[in-house]
Each structure stands twice: as structure tokens, then as C-alpha cells.
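For reference, the structure is listed below as C-alpha cells.
Computed from a predicted model, the values in this text were never measured in an experiment. Each ligand, and each atom within it, is numbered from 1 in the order the structure gives.
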Amino acid sequence: MKKIDDLKQYVSEQLANDATGHDFSHIIRVANLAKEISNQTDNADLLIVLTAAYLHDVIDDKLVENTYDKQKEVQSKLKELDYTSSQIDEVMDSITHMSYSANLKHHYELTINGQIVQDADRLDAIGAIGIARAMYFGGHFGDTLYDPQQVPRSDMDKSQYRKHTTVINHFYEKLFKLPELMNTSVAKKMADKRSKYMHDFVREFKNEWRGIQ
Ligand code: ADP
Ligand code: NI
């Protein structure tokens, strides 16, 4: 798809310098997962799914300072590539409402295409890749790896969520919750497998920490 090839180029330039686990390889994995989920889900529109997958982190407030300007830039880019205004609206609505942090205190209803991209993004936060990304993210921000005295938090709003505790707490505060939050049945199946691997990892980690062989 020509539109998607053009978008890929734009997004790779936007995320070229990321060192928090939101680099272009994350985007490619999300796009591939989203495609796979689309193939097994009724009523998916692959153009919308792939467009939202490629763009979903370009407007993220963790990664850009002025999200309003960035959203306007993305909209112009899509116009330039001949997307219709209803396609642009669906993509923008999906990518601005899909993040975990945006849904902490309010559950946004996404279209089926938005739900697929949300599932794909969440799948890339769990399993072996998810473990690596959490460690990488925590290292980037200088977070403590683990502290048994610090209890995982619950019922956080976005600003509390953004104040990190420890990397291991992040598994309890977000990653272990993701399988239950999957929208599509195909993603739920993949999430259960990845989640089991993460639970095994955290169990081993804590055993080794306590010196249990
Ligand atoms: P969203 O963009 O959906 O709100 P996040 O910002 O929570 O998602 O997370 C994006 C990625 O960064 C995920 O892989 C996640 O595990 C990782 N991450 C976010 N917060 C932390 C944290 N406090 N410690 C470790 N990893 C984190
Ligand atoms: Ni993402």
C-alpha cells in the first residue's frame, strides 16, 4: 500500500532518536501484530489499522512536548496522502484514546480498528519483549529495579501513574493486567501465553533476589 509506505518513512524519522522502548522496531512489531489480529477479526479495515499502528506513538505525550501541534501535523500528513476526512477522524480518535494512561480513570470506546491497534500495542508491552522493554524504560529513567518495601500501587490517575515506583512494581501496576483488557479474542489468546512467561520470570526473579535456589 503506497499510503502506508509513505507513512512508514515519516514515522521512522519521527521516532529515530527514541531510547525508551518506543523506537521504530516497536512500531513495526505493533503493525505486524495488528495485521495478524485483523486477519482473524471480522470487519477490520486494514488501511485504518495499519495507519493507526504506524502513527500511534508519534503523538504520545511521553514522547513529544506539544501534542496539539503534533496532532495537527499528523492530520496534515494524512490529508497530503489523500486520506478522506472520515478516515482521518477515525485514526486520530483511535490514537489519542488508546493508551493505558488515558484509560486509567475512563474507558474510551474505540472502533474495531482502534481496538485492534490497542491490543497490538499492549501485546508488545508483555511477554519476553515486554520484560525487555520494561527494563530498558526503567533504566532510561534511572528507576530502581526492585524494592520489596515498595508496595505496588492501585487505582492511580495519570499523573500518579507517570511517577514511577520500581520496574518490578510496573508488572503489577500495569503489565499483569493487560490480558484481561484485550478487546479481541485472538489477542487475548496471545496475551495469555505472553503473560504466563512474565509471571514465571517475576517468580524466578524474586526467588533469586531472596537467595532461594
Ligand atoms: P501507554 O502509552 O499505553 O500509556 P505506557 O506509557 O504505560 O503506555 O507504556 C509504554 C511502554 O513503556 C510499555 O512497554 C511499558 O511497559 C513501558 N513502561 C511504562 N511505564 C513504565 C515503568 N514505570 N517502568 C517500566 N516500564 C514502563
Ligand atoms: Ni506503542
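Heavy-atom distances between Phe141 and ligand 1 stay at or above 4.0 Å for every pair. Residue-ligand proximity: Glu173 is placed with every non-hydrogen atom at 4.0 Å or more from ligand 1. Under a 4.0 angstrom heavy-atom cut-off, Lys163 registers as lying outside contact with ligand 1. At least one heavy atom of Leu175 sits closer than 4.0 Å to an atom of ligand 1.
Within the 4.0 Å heavy-atom criterion, neither part of Met135 lies near ligand 1. When non-hydrogen atoms are compared, ligand 1 lies under 4.0 Å from the side chain of Arg162 (C-beta onward) but not from its backbone. Neither the backbone nor the side chain of Met98 comes within 4.0 Å of ligand 1, counting heavy atoms alone.
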Q. Would Asn113 and Asp45 count as a side chain to side chain donor-acceptor pair (under 3.5 Å) if you check the C-alpha gap in whole Å, the side-chain angles of each, and the deciding distance to 0.1 Å?
A. CA-CA 6 Å; Asn113 301 312; Asp45 176 336; 5.0 Å; no
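Numbered from 1 in the order shown, with element, the atoms of ligand 1 that lie under 4.0 Å from a heavy atom of Arg133 read 11 (C), 14 (O).
Taking 4.0 Å as the cut-off between side-chain N and carboxylate O, Lys2 and Asp6 count as a salt-bridged pair. A salt bridge does not link Arg29 with Asp23: every distance from a Lys NZ or Arg NE/NH1/NH2 to an Asp or Glu carboxylate oxygen is 4.0 Å or more. Using a 4.0 Å cut-off between charged nitrogen and carboxylate oxygen, Asp82 and Lys3 do not count as a salt-bridge pair. Salt bridge present: Lys158 and Asp61 bring a charged side-chain N and a carboxylate O closer than 4.0 Å. Look at Asp200 and Arg203 and you find a salt bridge, because one of the NZ, NE, NH1 or NH2 atoms lies within 4.0 Å of a carboxylate O, short of that distance.
Taking only nitrogen or oxygen atoms, main chain and side chain alike, Asp124 does not reach within less than 3.5 Å of ligand 1. At least one N or O atom of Tyr100, backbone or side chain, sits closer than 3.5 Å to an N or O atom of ligand 1. Polar contact check, Asp143 against ligand 1: no nitrogen or oxygen pair lies under 3.5 Å apart. Here's the thing with Lys174: one of its N/O atoms is less than 3.5 angstrom from an N/O atom of ligand 1.
No continuous path of hydrophobic side-chain contacts links Leu7 to Val64 [ILVMFWY only; heavy atoms under 4.5 Å]. Linking Ile, Leu, Val, Met, Phe, Trp and Tyr residues whenever their side-chain heavy atoms come within less than 4.5 Å places Tyr100 and Ile131 in a single cluster.
Here the angle centred on the Ni ion (ligand 2), running from OD1 of Asp121 over to OD2 of Asp57, is 170°, rounded to 10°.
Relative ring orientation between Phe205 and Trp209 is described as parallel, the plane-to-plane angle staying below 30° on a 0-90° scale split at 30° and 60°.
Closest approach between the Ni ion (ligand 2) and any N/O/S atom of His56 involves NE2.
Note that CG of Leu55 is 11.5 Å distant from OG1 of Thr96, once rounded to the nearest 0.5 Å.
The Ni ion (ligand 2) has His26 among its coordinating residues (N/O/S atom, backbone or side chain, under 2.8 Å).
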